[in-house]
Amino acid sequence: MKRLLLLGGGHAHVHVLKQLADQTVDGVEVVLLTPAERQVYSGMLPGWIAGHYQVEECVIPLRPLAARASVRFVESAAVNLDLQQNRVTAADGQTVDFDLLSIDTGSVTHFGGLRGASEHAVAIRPIETFIDRLVELKRAMSEGRIKNVAVIGAGAGGVEIAMALQHAVTIGTWDVTLHLVSAANTLPGSVAPKIAAALERARVKLYLGVAANSVEDGGITLVDGTRIASDFTIVALGAAAAQWPKNAGLACDAGGYIRVNHFLQSVSHTHVFAAGDCASMEGLSRPKSGVYAVRAGPPLATNLRRALTGKPLEAYTPQSRSLYLISTGGKHAIGSWGGLAWQGDWVWRWKDRIDRAFIAKYRLRANT
Ligand SMILES: Cc1cc2nc3c(=O)[nH]c(=O)nc-3n(C[C@H](O)[C@H](O)[C@H](O)COP(=O)(O)OP(=O)(O)OC[C@H]3O[C@@H](n4cnc5c(N)ncnc54)[C@H](O)[C@@H]3O)c2cc1C
């Protein structure tokens, strides 16, 4: 009996689980090791913050999906990978041995050297912790205990979170000011002017072109000395790589992400596969985004099955462009594809249909 260990219940692995539920691989035991019973779909998180969704609508329950695929579910996080013994040690002390390993553990918070951030700010990852902190934030805002909220980082994630919070503030008629700080002079992509207009309409205070230097209790200080009052500071500075894959001896790129070939296979260890944010494909530069993690699911499932059954692997090249849909707080969104851009309530409804369809695909498989 061979053992396939799936590390992380990320976007690519939910597809692997679905494929295994459709067709098991004879003579193979599969184990899923991941720290939470559910996978949050980050694309819907701003909609939850704005109040358009219940949190349960934005998650894929992993335990039933694993059960349907006859996969053993272990609820913990990997803290150590031993590639001599082919053994993973989890945070709760359990060890799981494997013959074939697939890693889809995402990325970790990037604090960007921001002083005081780990003590005085809330990170957007891990997303489960972020959700808990936002529940507390909403309660504190509704009780008038918080007057200023700052988001550091105006990439797509930071922008969406700021506008979603502003929408919740408006609906709740709470007396709270939203601040959005970015070191860059511009907002993301070809849709920057549309995003700037949406932020202005939402009355989010925007500080462009000045990096935050430090986070303190009650505020943040920018590198030019400007001080912004903030009772609750969110750091949305993008992704960073977890340390343990590099520590284990897996070949990693300069950012610490696992280097994989076009088969999604580690370039240093052929019995290790990786997909999603944690992986970096040789010779290609792609953003760390859910779109790419989702797209990697089918080729990863195919190649894990082929590796287990001794068949040649199939090459995969991620698309060079992707559709981006950025919600602006209310049921309105901005979309872009390459240099093209649109916006409207219809864009939000389109995004809503895509997001709900993604969740339903994996939820249905778990319940049928
Ligand atoms: C607030 C926010 C909003 C975003 N909005 C969008 C968006 O609108 N569109 C978009 O394309 N992208 C968005 N992103 C980025 C997107 O979430 C990531 O690119 C995507 O989640 C990557 O998928 P993944 O499968 O690689 O990892 P993840 O979705 O992060 O999944 C990783 C899984 O591994 C588990 N795990 C983590 N560490 C370990 C460990 N040590 N051992 C075992 N398991 C572990 C986690 O619990 C999780 O189940 C957003 C990100 C955030 C934080």
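Order of appearance sets the numbers: ligands from 1, and atoms from 1 within every ligand. Heads up: numbering here begins at 1 and tracks the sequence. Just so you know, these numbers come straight off a predicted model, no measurement behind them.
Looking at A78 next to ligand 1, an N or O pair under 3.5 Å apart turns up.
The contact set between ligand 1 and E160, taken as ligand atoms under 4.0 Å from a residue heavy atom, comprises 8 (O). Distances below 4.0 Å separate heavy atoms of I161 from the following atoms of ligand 1: 1 (C). Atoms of ligand 1 lying under 4.0 Å from any heavy atom of V291, numbered from 1 in the order shown and given with element: 11 (O). Counting atoms of ligand 1 from 1 in the listed order, those under 4.0 Å from a heavy atom of L33 are 43 (C), 44 (N). Each of the atoms 1 (C) of ligand 1 lies under 4.0 Å from some heavy atom of L45.
In this structure, A36 has no heavy atom closer than 4.0 Å to ligand 1. Heavy-atom distances between E128 and ligand 1 stay at or above 4.0 Å for every pair. Y292 does not count as a contact of ligand 1, since none of its heavy atoms falls under 4.0 Å from the ligand.
Among G157, A156, G290, G8, the residue whose heavy atom lies nearest to atom 11 (O) of ligand 1 is G290. Nearest-residue assignment for atom 6 (C) of ligand 1 (options P245, S42, G155; heavy-atom criterion): S42. In this structure, of R38, Q39, H15, E37, the residue bringing a heavy atom nearest to atom 48 (C) of ligand 1 is Q39.
Between L101 and N86 the shortest side-chain heavy-atom distance does not fall below 4.5 Å. Within the 4.5 Å cutoff, the side chain of E57 has no heavy atoms near those of the I359 side chain.
For atom 9 (N) of ligand 1, no protein heavy-atom neighbour is present inside the 4.0 Å cut-off.
For E282, the CD atom sits in a packed shell: over 12 heavy atoms of surrounding residues, nucleotides or ligands are nearer than 6.0 Å.
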side-chain contact (heavy atoms from CB on, under 4.5 Å) between H167 and M163, worked out = CA-CA 6 Å; H167 185 75; M163 287 195 280; over 6 Å; no

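For atom 30 (O) of ligand 1, the nearest non-hydrogen atom of the protein is G106 CA, 3.7 Å.
Contact annotation: for Y324 versus ligand 1, there are no heavy atoms closer than 4.0 Å.
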